[in-house]
Amino acid sequence: MSIPAAARKRRDELVDLVNEARANYYQHDKPTISDADYDKYFQELVELETKHPELVAGDSPTQSVGGEASDEFGEFEHPTRMWSLDNVFDYEELDAWFARVGNHNFLCELKIDGLAINAVYRNGVLETLATRGSGAVGENVTASLEYLTCIPKQLTASKGTKFPELLEVRGEVYFSLAEFDQINLEVTATGRTAFANPRNAAAGTLRQRIDNRVAAVAEATKRAEGKTADSKQVASLTKHSDELQRATSALSRLGLIVHGIGTHEGFEIPTQSHAYELLKSWGLPTSDRVKVLKSVAEVKKYVEHHGEHRHDIEHDIDGVVIKVDSLAEQDELGFTARAPRWAIAYKYPPTVVRTRLLDIGVQVGRTGRITPRAAVEPVLVAGSTVSFATLHNGYEVVRKGLLLGDMVFLRKAGDVIPEILGPVVELRDGSEREFQMPTKCPECGSKLAPEKEDDKDLRCLNTRSCPAQLRGRLEHLGSRSILDIEGLGEKAARALLEDKIISDEGDLFSLTAEILQQSDFFVKGANRELAENAKLLLAQLEIAKTKPLWRFICALSMRHIGPPTAQALTREFTSLERIAAAPAEKLAQIEGIGQTIAESITQWFAEDWHAEIIEKWKRAGCVLEQELVESGPQPLAGLTIVVTGTMVDFTRDGASEEITSRGGKASGSVSKNTDFVVVGPGAGSKETKAIELGRPILDEAGFKILLSDGPAAALAHLGLA
DNA sequence: CACCCTCGAGTTCA
DNA sequence: CTCGAGGGTG
């Protein structure tokens with residue numbers, strides 16, 4: 001039977017999608033799609049392969065060896081929630097925490113960079129092992145228990161021991177650095193990409209469906225031992241056995257340190273340290289680096305000691321955890337929406353590495369701004385390899401004292417964005433050369449100049465026809481946050497311009513199939529049929545034509561005008577025509593718009609080719625007016641709310657819309673004017689700032705209460721009434 | 001005029 | 001995340 005070409009194609013797409021998602025998650029430490037999407041694609045692939053077994057091939061993730069994401073996990077609801085910890089990054093913040101909690105005995109321990117787990121024992125017998133997951137619900141990985149040597153299946157009893165009926169033990173599963181290197185050697189030897197860091201390796205190893213692997217071996221055994229078995233089936237058995245063996249071997253090399261208890265029925269303990277002693281006496285692995293310290297000074301000494309020796313430890317750590325030792329005192333301090341008040345994580349500063357500054361190139365942005373960008377000798381920092389880092393502007397280069405060829409210090413700001421800190425002056429040998437900002441635009445050759453006297457930014461003033469600016473504007477207008485036109489990304493923008501299909505953004509909405517057919521990028525096959533990407537683009541352009549006016553205003557790339565300002569303009573004037581006709585004095589009356597921006601707007605409209613863009617868009621059917629929407633109740637009127645980190649049920653833009661539609665203001669930065677800070681997992685400095693300024697912090701559940709029941713209910717949810 | 005806040009723009013890794 | 005720059009306040 002032949003396989004339909006469409007099935008083959010879809011199968012290839014799915015394999016790529018899933019494999020890419022896995023690589024991003026495990027090898028690069030940056031998830032790109034949601035777990036739900038991942039499961040959806042994986043499931044579709046499984047079904048497709050079940051229907052057409054001939055399609056199953058070695059590159060399919062359904063066949064791949066351990067250490068990667070699994071398909072469906074059994075969910076496990078933790079009897080007692082697994083909390084996160086609040087972080088501090090320096091002594092000032094740590095002192096603030098000490099001041100909040102008061103005098104106690106403090107239990108200090110290392111914060112292992114691994115995977116948090118919850119082990120549930122019933123009457124001393126291990127019943128369930130689950131990952132932390134969201135904290136409320138994790139993934140049930142009990143199936144792997146058999147192969148984990150790091151965790152006792154049965155607690156050891158000493159004389160007279162009576163085990164609690166239900167006991168939850170919390171701990172961290174990890175690979176030692178030595179095992180991590182070993183695992184990665186094995187991984188690369190079988191042709192797969194290495195894990196980015198020990199944490200991902202541990203997560204990948206534990207979160208695999210070992211039971212599926214066992215089943216696969218059983219199945220292959222049955223076939224290979226059948227009467228009609230051929231060499232292919234024997235080979236398949238060998239392959240599946242090898243995979244199972246590698247997976248179980250990796251599992252057996254995971255380590256565990258326990259660091260807490262959840263539910264504990266039937267016994268009482270006075271302190272955290274007593275709890276550890278008890279767990280240890282039952283045979284659970286505790287750390288011998290745990291210390292109970294009586295003063296702030298001693299705690300700081302502990303923090304410093306392990307900061308200096310963090311690389312001498314057999315596993316990765318990213319900080320120190322400090323807990324109030326007495327459980328009674330813990331109870332008194334209680335919890336915030338997401339973390340205990342009685343514990344804090346002191347995070348060590350992000351790693352700084354040294355690398356060579358090879359060159360400084362310049363980029364031309366959509367507004368013509370010239371941005372120098374450092375090319376460095378690729379270097380591994382905090383889990384990924386960095387090759388470039390922005391330098392913002394020419395003055396930055398001078399201020400940092402950088403010379404081409406310098407060894408430089410580099411770190412990841414917020415653990416994400418590479419940042420060059422400065423040169424290692426001692427290592428200069430005289431061959432280094434100064435960097436000069438260009439005087440001509442690298443893309444169109446126009447002269448570069450600051451827009452205003454004293455501006456630090458250099459700009460290419462050829463707004464109309466500089467290819468970099470045209471491309472940038474098209475890309476910007478197509479992006480998710482503006483008109484959200486799928487099929488109009490970097491490549492499409494480049495093709496539209498280079499193949500001279502459009503001369504600028506004005507022509508965009510009058511594109512037709514016939515016009516697109518003139519470009520190689522939008523056709524396929526010998527008879528130049530319209531390709532899928534072209535159909536997508538045309539359909540998306542049609543949809544975009546009726547998007548809200550403020551999005552069109554942003555799409556025009558007027559200087560200084562982003563979403564908030566565009567929305568303010570729309571509210572005041574309701575149509576693009578009225579904005580174009582408004583005198584500067586009138587525009588400047590709007591909050592957030594002063595003389596500078598007002599004049600910049602009127603000047604923009606005075607430009608002939610700008611007016612033409614608008615004419616063309618209108619002729620093509622773009623709706624450049626705001627129909628008055630009946631606004632619902634406005635429970636958030638007057639409130640400024642900041643959303644940070646990731647939400648389960650909202651995108652960032654979605655959350656902003658929920659806020660503005662209820663009369664609130666969605667802002668991007670936390671200040672003392674902020675009324676609420678909504679914090680999801682993965683939040684960074686904004687959360688720290690919120691704590692610093694004492695602003696109320698909501699989790700996603702609290703945010704939903706805020707949206708539905710208003711600020712008073714949200715505060716009540718926090719126990720602040 | 002000094003300061004704080006907000007917004008805009010560019011941004012790194014696959 | 002970070003810098004620059006505009007807006008607004010005291």
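Throughout, a chain's letter reflects where its sequence line sits, starting with A, and its residues are numbered from 1. Values below: every heavy atom of this structure, side chains too, minus hydrogens, waters and symmetry copies.
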Notebook entry, point to check: Considering only side-chain heavy atoms of T371(A), which listed nucleotide, dA9(B), dG6(C), dT11(B), is closest?
Noted result: dT11(B)
Next item on the list: Quick one: closest heavy-atom pair of F573(A) and R578(A), and the distance?
Entry: O-NE, 2.8 Å
Notebook entry, point to check: Going by number, which of residues 463-474 of chain A have a non-hydrogen atom under 4.0 Å from DNA chain C?
Noted result: none
Item checked: Contact nearer the 5' end of DNA chain B, comparing V670(A) with G365(A) -> V670(A)
Check: Any side-chain N or O of T596(A) less than 4.0 Å from the OP1 or OP2 oxygen of dG7(C)?
Finding: yes
Check: H560(A) NE2 to dC3(C) P: how many Å, rounded?
Finding: 20 Å
Item checked: Between C1' of dG8(B) and CE of M558(A), the distance in whole Å -> 14 Å
Next item on the list: Tell me whether the OP1 or OP2 atom of dC4(B) has a side-chain N or O from S671(A) closer than 4.0 Å.
Entry: no
Notebook entry, point to check: Between atom NZ in K456(A) and atom P in dG6(C), what is the gap in whole Å?
Noted result: 12 Å
Item checked: Integer-rounded Å distance: dT12(B) C1' and I420(A) CD1 -> 13 Å
Margin query: When you compare the side chain of Y346(A) with that of E93(A), does any pair of heavy atoms fall below 4.5 Å?
Written below: no
Note to self: With no hydrogens and no angle check, just 3.5 Å: does a side-chain donor-acceptor pair link R366(A) and S557(A)?
What the structure shows: yes
Next item on the list: Tell me which of F388(A) and R366(A) sits closer to the 5' end of DNA chain B, going by the nucleotide each one is nearest to.
Entry: R366(A)
Next item on the list: Name the closest nucleotide to the T565(A) side chain, picking from dC7(B), dG6(C), dG10(B).
Entry: dC7(B)
Notebook entry, point to check: Tell me: CD1 of I417(A) to C1' of dT11(B), nearest whole Å?
Noted result: 5 Å
Checklist line | The single option from V398(A), L402(A), T371(A) passing side-chain contact (heavy atoms from CB on, under 4.5 Å) against L391(A) | finding: L402(A)
Check: Distance-only, no hydrogens or angles: does the T463(A) side chain make a donor-acceptor pair with backbone N or O of L461(A) under 3.5 Å?
Finding: yes
Notebook entry, point to check: Looking at the side chain of K672(A), which of dC5(B), dT2(C), dA9(B) is the nearest nucleotide?
Noted result: dC5(B)
Margin query: Can you measure L458(A) atom CG to dG10(B) atom P for me and round it to whole angstrom units?
Written below: 14 Å
Next item on the list: Specify the separation, in whole Å, of atom CZ of R369(A) and atom C1' of dG6(C).
Entry: 14 Å
Notebook entry, point to check: Roughly how many Å is it from CD1 in I553(A) to C1' in dC7(B), rounded to a whole number?
Noted result: 16 Å
Note to self: If you only use heavy atoms from C-beta on, which nucleotide in dG4(C), dG8(B), dG10(B) is closest to the side chain of N393(A)?
What the structure shows: dG4(C)
Notebook entry, point to check: Just wondering, more than 12 heavy atoms not from E599(A) lying within 6.0 Å of its CD?
Noted result: yes
Next item on the list: Flag the pair R471(A) and E443(A) as a salt bridge only when some basic side-chain nitrogen lies within less than 4.0 angstrom of an acidic carboxylate oxygen.
Entry: yes
Notebook entry, point to check: Does DNA chain B take part in any stems of at least 3 consecutive Watson-Crick or G-U pairs (both distances under 3.5 Å), and if so, which ones?
Noted result: B:1-10 with C:1-10
Next item on the list: Would you please confirm or rule out a distance under 4.0 Å between OP1 or OP2 of dT12(B) and any side-chain N or O of R373(A)?
Entry: yes
Notebook entry, point to check: Under 3.5 Å, side chain of D406(A) to main-chain N/O of V408(A), donor-acceptor pair present?
Noted result: no
